[in-house]
Amino acid sequence: MRQLYQEYVELLSSVCYRYVFSEADAKDVLQNSFVKIFTSLPSLEFRGEAALRGWMIRIVVNEALGFLRQRHKLQFVDKDTAFMQQIAEEETPDSTRLSPDDLHNLIRELPDGCRTVLNLYVFEGFSHKRIAELLGIKENTSASQFHYAKRLLGRRIKELTKEE
Amino acid sequence: MKESWLNDIKRKLEGHRKSPPEGLWEGISQQMGLENVPARKQPLVSRKRWMAAASVLALLGFFAFYFHDKNGPQTTMTEKPQLSEESVMAVEPPVSTVLAEKEQTAEPSASTPSHVGKGKYVPLRLVATEDTVLLVKETPQDAQEEETLVADTHSESPRGDSGVEQQEPPVQENDSLAETVIPRSDLLAGNLPVPERSSSVRSNRWSFGVNASSELLATQNQEATDRVYYDSSKQGYSSTYNGEDHDIYAMRENVMSHHVPVRLGVSLQYQLNRSLFLQSGVSYCYLYSEFSIPVYEHARYDQKLHYIGIPLGVAWNCWSSGHLRAYLSSGVMVEKCLNERPWQWSVNASAGAEYTLTRQVGVYLEPSFGYYFDDGTVFEHYYKENPFAPSINFGLRWHIKN
């Protein structure tokens, strides 16, 4: 178990921190995730390392979603706010100059609700319909929140690349 | 594609690593009970202290009740009065010799043992004829009446070896030893009658049984559903949400299916007195659960937990008639999970009825109500979802003959 932990803990921590902002919260999520992983390993049918990795990531994602729901941290941005109206439709930002750590931190800065939608859409590959089912929101809401996340993230990338 | 930059970000972050939170492995080890386990969490300690205190108080109350119970074990009823040939001879002629020993006034017989009449034996008066002996249980009243009679008749009737006592012995109520006629040869052989025991008085101290139980809350499938109300705390963005039902979000975390526990056991019962029993034994419990993650529907796993436990409790026989008896019992049980680390504590109370098929074998039925304490782990199982668990126990009981 220790070997498995050491091999995948950093990868799973990266996934967890994209969903959960604070370190204390991430520790709770990761701890529960690893306990579930270790508990389920005896009955898991091994189908290769890629499948194992994907399975563990799914457990972390599910734990993170549960944590966010439990802590009332799924807040969704209102499209009609003045702040959002200030952000014009972004052109394709250039993220090649930013390191993975920078990009990771930028994603973590996003509000919980639209960050969650962005993660589920981009990194987990869910459709908006599926995301809506998972989060208990409308499909249009999922799409709009994803749109806001893109605009916010694009704006932050441009700000950082300008500074550099 | 406009969103190609997002795909670029995704590819960049695919192999991204980040340092885990500090103390993560220690937390996992503690939660799973792996090596280098630190001190137990405070809530678990305080819960065990409370349970220990409750157990001590229960035991104190139990022993206080036991030692104040006037109906002690009826062991004397099985003992036969021991009479040796000497003592038999010593009481012939019976009446005056015994009285003379007590009063220290009559002429003692040379063959009279010194211990006759001094309480070593069950106080019996032998009223002997040539072939039979009449056993009469002597009471102080009898002795006083006899004193009067002997004093009145002593001078009238000479003593002899085979005197015939014509006096009617006083009637002893509720005493089957009051009057019994037995052959003299049986008396010399020590074959004295033993009163019959009533069916409600049990002579079997130990009882051994096998049992099974079934939980009454048949929760085959449970869905863990979280409902989150919209939180409008500010983080630099307005957080209102337009649309219908915008204040309530419902999401299915995962689907858990807890099967009804399978519980088997052997029980041991020790009778302390007529109405109190001490109970213990060994119990086995099997908890099976299935989990599925809706996020990824093909990700399913199950959980099998095996527990071995030791129950400890007391039972009070509140009613009995013929072959049927009813009792109340309560107790505590500690169970150890064999394939994982947690310990499971529970308390229970039940009302039972036992029907005696034969003198040694009975069948019983016990509706029971138990509470299962949180074991402090993340394992989800039946008793986590149903800490208050009514059940029904049934089994066979063998009453081991003394």
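Scope of the values below: all heavy atoms of this structure, side chains included, with no hydrogens, waters or symmetry mates. Below, chain A is the first sequence line, B the second, and so on; all start at residue 1.
Side-chain rings of B:Y382 and B:H258 stay apart, their centers remaining 6.0 Å or farther from each other.
Here A:Y5 is the residue among A:F123, A:Y5, A:F34 with the most heavy-atom pairs under 4.5 Å with chain B. In terms of non-hydrogen atom pairs under 4.5 Å with chain A, the most contact-rich of B:G23, B:P20, B:P21 is B:P21.
A donor-acceptor pair under 3.5 Å is formed between the side chain of A:Q31 and the backbone N or O of B:G27. Between the side chain of B:R263 and the backbone N or O of B:P261, no donor-acceptor pair lies under 3.5 Å.
Within the 4.5 angstrom heavy-atom criterion, only side-chain atoms of A:Y17, from C-beta onward, approach chain B. Contact annotation for A:I157: only side-chain heavy atoms (C-beta onward) come within less than 4.5 Å of a heavy atom of chain B. Neither the backbone nor the side chain of A:N140 comes within contact range of chain B; no heavy atom of the residue lies under 4.5 Å from a heavy atom of that chain.
B:V282 meets the side chain to side chain contact (heavy atoms under 4.5 Å, CB included) test with B:V266, B:I308; sequence neighbours excluded. In this structure, the ring pair (Phe, Tyr, Trp, His ring centres under 6.0 Å) partners of A:H104, at least two apart in sequence or on a different chain, are B:H16.
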